[in-house]
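Right, one structure below, let's go through it.
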Amino acid sequence: MSFWAKLAITIEDLDCFKRSCEKNGIDYREISIPAGASWRARESNAFAEIHDQKGNGFGILARDKDGKIRLQMDTDGRYNSIVARLGANGGRLCRDYTEMVIRKEMRKQGGMVSKAVEQEDGGLVLRIAVGM
Amino acid sequence: MAAEYVDFKISPDGFQVEVDANGFTGGKCKAFTKDTLKKLGMVMDEKKKPEFFVTEHQSQTLKS
């Protein structure tokens, strides 16, 4: 069977996310919220911070109530060097994360990347061939 | 037999992916991509192509 599908990506594979951080010059630091921290800080469920090695940008990783991980950061490139350097919503950092997850999971199924084409808009097309 | 491949089109910010599976007949395509799609996130939309409804047997009959 063949099909077409559209997906909204959620960050689940922290190993791939850490590798994407390393590749893009971002420090990944796990944090714990102290018991005496403010209600707002405790409610955030933050468990890691990311810091730009090449600027003042930073963001946090937090878990939703349903366990999903979300990346939060200032979206204005004037105040966040991660956005200025890598693009909106984490840009290249998240694109590389998604690419790493696809390569990793497809390899487990016996698939191999036969072609990777950068798009003009900054996107990426990966072609996975079966049983190469 | 047509080449079996899957194209993943990743958006510039990495938060959307379009998956386009081609050349598969039978149930192989779902088995091949199921775990990867689950790991990536939530399927927002899905469309089955005509080949989706063709079984291996039908495919061979049509070719002969």
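Predicted, not measured: the structure shown is a model, and the values here were computed from it. To find a chain, count down the sequence lines: A is the first, B the second, and so on, and within it residues start at 1.
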Side-chain donor-acceptor pairs of residues 118-128 of chain A under 3.5 Å, sequence neighbours excluded:
residue: A:E118; atom: OE1; partner: A:R95; partner atom: NH1; Å: 3.0
residue: A:E118; atom: OE2; partner: A:R95; partner atom: NH2; Å: 3.2
residue: A:Q119; atom: NE2; partner: A:V117; partner atom: O; Å: 3.1
residue: A:D121; atom: OD1; partner: A:G123; partner atom: N; Å: 2.8
residue: A:R127; atom: NE; partner: B:D7; partner atom: OD1; Å: 2.7
residue: A:R127; atom: NH2; partner: B:D7; partner atom: OD2; Å: 2.9

*asked:* For the interface with chain B, which of A:K68, A:K108, A:M106 has the highest count of heavy-atom pairs at distances below 4.5 Å?
replied: A:M106
*Less than 4.0 Å between a side-chain N and a carboxylate O, is that true for A:K104 and A:D13?*
yes
*With no hydrogens and no angle check, do the side chains of A:Q53 and A:H51 hold a donor and an acceptor under 3.5 Å apart?*
no
*chain A contact via B:K34 - which portion, at a heavy-atom distance below 4.5 Å*: neither
*Kindly determine whether A:E30 and A:K18 satisfy salt bridge (Lys or Arg N to Asp or Glu O under 4.0 Å), including the steps that lead there.*
CA-CA 11 Å; A:E30 288 185 358; A:K18 288 175 192 171; 3.6 Å; yes
*Could you please state which residues from residues 72-90 of chain A sit under 4.5 angstrom from chain B, measuring non-hydrogen atom to non-hydrogen atom, sorted by number, or 'none'?*
A:A88, A:N89
*Look up atom CG in A:N45 and atom CG in A:L61, then write down how far apart they are to the nearest 0.5 Å.*
12.5 Å
*asked:* So which residue, B:T36, B:D20, B:L40, ends up with the most heavy-atom pairs under 4.5 Å with chain A?
replied: B:L40
*Taking side chain as C-beta onward, heavy atoms only, is A:T10 less than 4.5 Å from B:F15?*
no
_Looking at every non-hydrogen atom in both residues, tell me the closest pair between B:A31 and A:Q109 and how far apart they are._
O-OE1, 3.8 Å
